[in-house]
There are 2 protein chains.
Amino acid sequence: MGFKHSDEAVERLKSKSIKPSMQRVAIMDYLILNRTHPSVDDVYKGLSASIPTLSRTTVYNTLKLFSDKGAALMLTIDESRVNFDGDTSPHTHFLCKNCGKIYDLQVPSPVKEVIGMSLAGHQISEIHYYYKGVCKACLEG
Amino acid sequence: MGFKHSDEAVERLKSKSIKPSMQRVAIMDYLILNRTHPSVDDVYKGLSASIPTLSRTTVYNTLKLFSDKGAALMLTIDESRVNFDGDTSPHTHFLCKNCGKIYDLQVPSPVKEVIGMSLAGHQISEIHYYYKGVCKACLEG
DNA sequence: TATAAAATTGTAATAATTACAATTATGGGA
DNA sequence: TCCCATAATTGTAATTATTACAATTTTATA
């Protein structure tokens with residue numbers, strides 16, 4: 001069964017100077033379609049059916065590449081695995097310590113973008129605001 | 001003033017309802033004396049000489065306990081290991097992607113403490129602001 | 001088409017973390 | 001004090017995420 005490439009995925013890769021191979025487009029497409037902050041394994045398992053030859057190493061390499069090139073965000077909010085976010089616009093994340101889900105939150109309004117600026121002499125390239133606790137669904141359940 | 005370090009460690013544990021066993025006091029003392037955001041292994045190696053029977057499992061369990069009880073912070077800024085901070089006062093962290101060191105930074109002034117409050121219906125118990133990039137020392141070196 | 005470079009794959013190795021059963025320490029009655 | 005229950009610690013083995021790396025396949029190009 002053929003894979004339907006999203007033009008958005010291809011465009012995203014091109015705009016970040018990443019050569020759009022079949023695997024890379026599929027992985028970027030997965031990130032764009034799945035806003036659940038998937039782990040490497042989530043991506044691998046989610047694509048294995050449609051790309052049976054896909055290797056875990058390729059998923060690792062590719063997601064690392066996306067993160068390095070700014071085509072995706074690598075989240076280190078969860079202590080036991082890394083998660084990825086196809087949405088690179090400024091926003092923050094909440095991890096539910098009960099169910100493990102990661103939610104998107106808006107940036108606190110007074111906080112401005114400071115990428116490329118320096119803090120205490122350090123050159124900043126990434127900003128991550130993480131909140132942890134118990135999510136609304138778990139509180140109500 | 002006047003607190004010997006281990007006294008400060010004992011007081012910290014008591015104030016967080018943690019029974020101050022010999023190992024726990026030693027580990028908390030290590031965190032108080034070593035403001036370098038040590039990993040589990042750093043703590044283990046740092047204490048092994050003075051406590052030869054210390055087990056890595058104890059260090060894991062104890063640091064997890066400290067984090068759960070709010071006696072220390074567990075940082076997930078580094079993708080490959082967890083780090084701990086004995087300073088639980090509000091501040092943020094910077095990870096140098098070149099040398100791997102973690103620096104303390106002040107909280108951006110407009111950002112207020114929101115522990116115990118809720119965001120989008122979620123109950124917040126931890127806030128972590130992480131910045132990544134290249135540190136001053138690496139830039140100058 | 002021939003060739004070099006880049007990308008992908010599969011396997012094996014590494015490192016962090018957890019599981020767990022056994023042992024040791026601690027504190028409170030009798 | 002001794003006994004007991006409980007909590008804490010230990011050591012080993014297992015698990016999991018991640019990385020290393022050599023072989024293979026794909027892509028671009030001359």
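Every chain is numbered from 1 and lettered A, B, ... according to where its sequence line falls, protein lines coming before strand lines.
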B:Lys64 has an atom NZ; how far is it from atom P of C:dA16, in whole Å? 19 Å
Please list, chain by chain and in numerical order, all residues satisfying side-chain hydrogen bond (donor to acceptor under 3.5 Å, both in side chains) with B:Ser80, sequence neighbours excluded. B:Asp78
Salt bridge (Lys or Arg N to Asp or Glu O under 4.0 Å) partners for B:Asp41, two or more places apart: B:Lys45, B:Arg56
Rounded to the nearest Å, what distance is computed from the CE atom of residue A:Met74 to the C1' atom of nucleotide D:dT18? 11 Å
Could you give the NZ-to-P distance, from B:Lys19 to C:dG27, as a whole number of Å? 7 Å
Contact list for residues 87-100 of chain A, test salt bridge (charged side-chain N to carboxylate O under 4.0 Å, His left out), sequence neighbours left out: A:Lys97-B:Glu126
Taken to the nearest whole Å, CD1/A:Ile18 to P/D:dT27 is 17 Å
Protein-nucleotides 13-15 of chain C N/O pairs under 3.5 Å:
none

Kindly list each side-chain donor-acceptor pair under 3.5 angstrom involving residues 18-27 of chain B, sequence neighbours excluded, with atom names and distances?
unit_1, atom_1, unit_2, atom_2, d
B:Ser21, OG, B:Arg24, N, 3.2
B:Arg24, NH1, B:Lys19, O, 3.0

Once salt bridge (Lys or Arg N to Asp or Glu O under 4.0 Å) is applied, do any residues pair with B:Lys101, and if so which ones, sequence neighbours excluded? none
Using atom CG of B:Asp78 as one end and atom C1' of C:dT17 as the other, report the distance to the nearest whole Å. 15 Å
Got a sec, which residues hit ring pair (Phe, Tyr, Trp, His ring centres under 6.0 Å) with B:Phe84, two or more places apart in sequence or on another chain? none
For A:Asn83 and A:His37, work out which heavy atoms get closest and say how close. ND2-O, 2.9 Å
Of all pairs that satisfy ring-ring contact (aromatic ring centres under 6.0 Å, His included), the ones with a partner from residues 38-75 of chain A, not counting sequence neighbours: none
Among residues 34-45 of chain A, which contact DNA chain C at a heavy-atom distance under 4.0 Å? none
Is the ring pair B:His128/B:Tyr130 parallel, tilted or perpendicular, if the boundaries are 30 and 60 degrees? tilted
Tell me every residue that passes salt bridge (Lys or Arg N to Asp or Glu O under 4.0 Å) with B:Lys16, counting only those two or more places apart in sequence or in another chain. none
Close N/O contacts between protein and nucleotides 8-12 of chain C (under 3.5 Å):
unit_1, atom_1, unit_2, atom_2, d
C:dT8, OP1, A:Ser21, OG, 2.3
C:dT8, OP1, A:Gln23, OE1, 3.1
C:dT8, O3', A:Gln23, NE2, 2.9
C:dT9, OP1, A:Gln23, NE2, 3.3
C:dT9, OP1, A:Thr53, O, 3.1
C:dT9, OP1, A:Thr53, OG1, 3.3
C:dT9, OP2, A:Ser55, N, 3.2
C:dT9, OP2, A:Thr58, OG1, 2.6
C:dT9, O5', A:Thr53, O, 3.2
C:dG10, OP2, A:Thr53, O, 3.4
C:dG10, N7, A:Ser55, OG, 3.3
C:dG10, O6, A:Thr57, OG1, 3.0
C:dT11, O4, A:Thr57, OG1, 3.3

With sequence neighbours excluded, tell me which residues meet side-chain hydrogen bond (donor to acceptor under 3.5 Å, both in side chains) with B:Ser67. none
